[in-house]
Amino acid sequence: MVWQEGYIAVDWGTTNRRAYRIEHWQCRDSFADEMGVLAVPSDGFAAAAGDIRERLGDLPMLLGGMVGSDRGWRQSPYVECPAGLAELIERILWIDERTGIVPGVCQRGPSPNVMRGEEIQLLGAVAAGAVSPDSLVCHPGTHAKWAEMQSGWITRFSTIMTGEVFALLRDHSILAADLEGDVSPGPEFDAGVAEGMAGEPPLSTLFHIRARRLLEGLSADAASRASGILIGSEVAAALRSFPEKPLSVIGRADLCELYARALQQAARKCSIVEGPVAFRSGMAALADLL
């Protein structure tokens, strides 16, 4: 089977999926929908994969992300750090000869950690030359990842639940009524980043939002302030934990902009790589080895 001639690459997450038809290294068609793994019945993945082929063509398919988790189609074992493209290839879980699930990456020991999907983007960005093979990479999101790359391998990483904590604060905390607006990269976000980087526990600093409203009547753009506090705290902690290396941010454009702004306050330059581009590069690098 000549994968390089044409295949489908699927980034199948918890709540969304994105699928791309790749022919001769070019993306010829794609779609995105909300059919994440939680929207698919446990016995419905074969039909859901068939739907992708109906929309993009009867081609070989590589799947990445939460589709290989215990909540997905079939659980694919993790590859342990250090991990590169060759290690992922060796552990692809083949549903059939034309449908494979790319494994995630894990880290054992005193700081256990797991990722599914981000590893394809990390290694893909390196393979495409968009990220240095010896670098520090931030992948913002619901569960933000910070990964150290050495010679193009993922050698260690951490997860910080910044996005999920922000969502919980917005929906279920005493601050919920103050956090209804959109997050924007402006003065309030910058002020929050400065607070988050100052070293006070973020769970204490966040309460300043409520106190400030009660005492001073200030509540405008509180969502940006809260996001800044959390991201500032995350960035400060990550920069303390990892060595100083060339730094890249990979992911959704709006999140990358926020993190780049926070990193600027920490006097760190970074390059930005779009998540979908990195994902397609990762799948192309894998397909080239099949």
Side-chain angles (χ1 to χ4, degrees), residues 81-83 105-115 117-119 121-126 130-167 169 183-206 208 224-275 278:
C81 283
V105 171
C106 73
Q107 175 177 280
R108 301 187 186 275
S111 301
N113 233 306
V114 295
M115 67 168 72
E118 295 92 349
E119 71 288 334
Q121 296 189 29
L122 296 175
L123 296 172
V126 171
V131 167
S132 168
D134 293 285
S135 62
L136 176 61
V137 181
C138 169
H139 192 293
T142 303
H143 300 151
K145 308 290 184 185
W146 290 77
E148 183 179 0
M149 311 295 293
Q150 293 185 12
S151 301
W153 290 25
I154 303 169
T155 55
R156 68 183 179 105
F157 64 98
S158 68
T159 301
I160 305 178
M161 297 171 58
T162 302
E164 182 166 356
V165 169
F166 180 76
L169 288 170
V183 175
S184 60
E188 281 298 308
F189 176 80
D190 292 342
V193 169
E195 286 188 280
M197 289 183 173
E200 187 173 351
L203 295 182
S204 172
T205 308
L206 284 163
H208 294 174
S224 297
R225 186 81 168 224
S227 176
I229 290 169
L230 292 172
I231 291 175
S233 176
E234 173 192 331
V235 167
L239 295 181
R240 288 193 301 268
S241 299
F242 289 93
E244 186 166 340
K245 288 186 170 187
L247 203 158
S248 298
V249 183
I250 300 176
R252 213 174 70 199
D254 57 335
L255 290 178
C256 288
E257 181 182 4
L258 294 176
Y259 276 73
R261 194 175 180 106
L263 285 163
Q264 186 176 23
Q265 286 201 47
R268 290 295 303 274
K269 295 180 179 180
C270 68
S271 62
I272 294 177
V273 182
E274 293 182 11

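The model shown is predicted, which means the values in this text are computed figures rather than measured ones.
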Using a cut-off of 6.0 Å, state whether more than 12 heavy atoms not belonging to [X] lie near its atom [atom1].
X    : atom1 : answer
E274 : CD    : no
R268 : CZ    : yes
Q264 : CD    : no

For a 4.5 angstrom cut-off between non-hydrogen side-chain atoms, does [X] reach [Y]?
X    : Y    : result
Q265 : D190 : yes
P243 : E148 : yes
V105 : V114 : no
Q121 : E118 : no
E257 : V249 : no
L123 : W153 : no
L239 : L247 : yes
H139 : F157 : no

Determine the minimum heavy-atom distance between [X] and [Y], stating which atoms define it.
X    : Y    : value
R225 : A191 : NH1-CB, 3.5 Å
P112 : G109 : CD-O, 3.3 Å
G232 : M197 : O-CG, 3.4 Å
I250 : G275 : CG2-CA, 4.1 Å

From [X] atom [atom1] to [Y] atom [atom2], the distance as rounded to the nearest 0.5 Å:
X    : Y    : atom1 : atom2 : answer
I160 : L230 : CD1   : CG    : 11.0 Å
D134 : S151 : CG    : OG    : 5.0 Å
F189 : S227 : CZ    : OG    : 5.0 Å
C138 : L136 : SG    : CG    : 8.0 Å
T162 : Y259 : OG1   : OH    : 4.5 Å
L258 : I231 : CG    : CD1   : 5.0 Å

> For S248 and S271, what are the C-alpha separation, side-chain angles and deciding distance, and is it a side chain to side chain donor-acceptor pair (under 3.5 Å)?
Replying inline: CA-CA 5 Å; S248 298; S271 62; 2.7 Å; yes
Without swapping roles, check the side chain of [X] against the backbone of [Y] for a donor-acceptor pair under 3.5 Å.
X    : Y    : answer
K245 : M149 : yes
E119 : G117 : yes
Q107 : S111 : yes
S224 : S184 : yes
S135 : S132 : yes

> Would V235 and W146 count as a side chain to side chain contact (heavy atoms under 4.5 Å, CB included) if you check the C-alpha gap in whole Å, the side-chain angles of each, and the deciding distance to 0.1 Å?
Replying inline: CA-CA 9 Å; V235 167; W146 290 77; 4.1 Å; yes
> Is there a side chain to side chain contact (heavy atoms under 4.5 Å, CB included) between V193 and I229 once you walk through the steps?
Replying inline: CA-CA 5 Å; V193 169; I229 290 169; over 6 Å; no
>> Under the criterion side chain to side chain donor-acceptor pair (under 3.5 Å), I'd like the reasoning laid out for E195 against T205: C-alpha separation, chi angles, the key distance, then a yes or no.
In response: CA-CA 7 Å; E195 286 188 280; T205 308; 5.4 Å; no
> How far apart are the C-alpha atoms of V126 and L122, what are their side-chain angles, what is the distance that settles it, and do they pass the side chain to side chain contact (heavy atoms under 4.5 Å, CB included) test?
Replying inline: CA-CA 7 Å; V126 171; L122 296 175; over 6 Å; no
